[in-house]
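Here's the structure, in structure tokens; my notes come after.
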Amino acid sequence: MFHSDYMRKAICEALKCDSDVPVGAVIVKDNIIIGSGHNTREEDNKITGHAEICAINAACETLGSWHLENCDIYVTLEPCPMCAGAIKAAKIRSVYFGAFNKTDGAALSVYNLLYPEVIVYPGILREECSSLLTDFFEKLRLRNS
């Protein structure tokens, strides 16, 4: 599979969000998806319900360990500081993200919390990932007006 294929899987995860901001993530080890997740903050009423945290928890369960060395995470939106911290703590090797997070990005945009331990690859399927967010917030504005 190619990086864009894994990002498409993350986009599929993002599409599972009902009332949450549509962000999805998958974790890959040896070309196999071992964990996936999407935002569940509204659904579960938990601040830690970010796609990355959900995917990390799923991957840890799959491997039976919190050590995710030699794993890569694909996420539709650049990780926030909380998720960047979890990615580093889990020892994930690299982050591939789609849309830049210009308000909270902790991989490149606002902060650079992952360097040098984690390699970052930005802009994978950027247009598709950005459209998910743009469409969601447009619909939200229409509903609230």
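Computation of the quantities below employed the complete heavy-atom set of this structure, encompassing side-chain atoms and omitting hydrogens, waters and symmetry-equivalent molecules.
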Closest contact, heavy atoms only, [X] versus [Y]:
X: Leu132; Y: Ala14; result: CD1-CB, 3.8 Å
X: Lys9; Y: Ile33; result: CG-CD1, 3.7 Å
X: His3; Y: Tyr96; result: CE1-OH, 3.1 Å
X: Met82; Y: Ile53; result: CE-CG1, 4.3 Å
X: Glu13; Y: Val26; result: CG-CG1, 4.3 Å
X: Ser109; Y: Phe100; result: OG-CD2, 3.3 Å

If you count every heavy atom of other residues, nucleotides or ligands that lies below 6.0 Å from [X] atom [atom1], does the total exceed 12?
X: Lys46; atom1: NZ; result: no
X: Glu61; atom1: CD; result: no
X: Lys29; atom1: NZ; result: yes

To the nearest 0.5 Å, how far apart are [atom1] in [X] and [atom2] in [Y]?
X: Ser131; Y: Arg126; atom1: OG; atom2: CZ; result: 11.5 Å
X: Ile73; Y: Phe97; atom1: CD1; atom2: CZ; result: 12.5 Å
X: Arg93; Y: Asp72; atom1: CZ; atom2: CG; result: 4.0 Å
X: Glu52; Y: Ile27; atom1: CD; atom2: CD1; result: 9.0 Å
X: Leu113; Y: Cys80; atom1: CG; atom2: SG; result: 9.5 Å
X: Ile56; Y: Ser36; atom1: CD1; atom2: OG; result: 12.5 Å

* Check whether any side-chain heavy atom of Val75 sits under 4.5 Å from a side-chain heavy atom of Val23, and report yes or no. => yes
* Asked: Does the side chain of Pro22 reach to within under 4.5 Å of the side chain of Leu15, using non-hydrogen atoms?
  -> no
Using modelled atom types only, decide if a donor and an acceptor are shared between the side chain of [X] and the backbone of [Y] within a distance under 3.5 Å.
X: Ser19; Y: Glu42; value: no
X: Asp20; Y: Arg41; value: yes
X: Glu78; Y: Leu108; value: yes
X: Asn39; Y: Val21; value: yes
X: Thr76; Y: Gly24; value: yes
X: Asp5; Y: Phe2; value: yes

Decide whether [X] and [Y] are clustered together by the hydrophobic rule: side chain heavy atoms of Ile, Leu, Val, Met, Phe, Trp, Tyr closer than 4.5 Å, transitively.
X: Val118; Y: Leu68; value: yes
X: Ile124; Y: Ile92; value: no
X: Leu77; Y: Val120; value: yes
X: Val28; Y: Ile11; value: yes
X: Leu125; Y: Tyr121; value: yes

Donor-acceptor pairs under 3.5 Å, side chain of residues 136-145 to any protein atom, not counting sequence neighbours: which ones?
residue : atom : partner : partner atom : Å
Asn144  : ND2  : Leu140  : O            : 3.3
Ser145  : OG   : Arg141  : O            : 3.3
Ser145  : OG   : Leu142  : O            : 3.0

* Angle class for the Tyr74/Tyr6 ring planes (parallel below 30°, perpendicular above 60°, tilted otherwise)? -> tilted
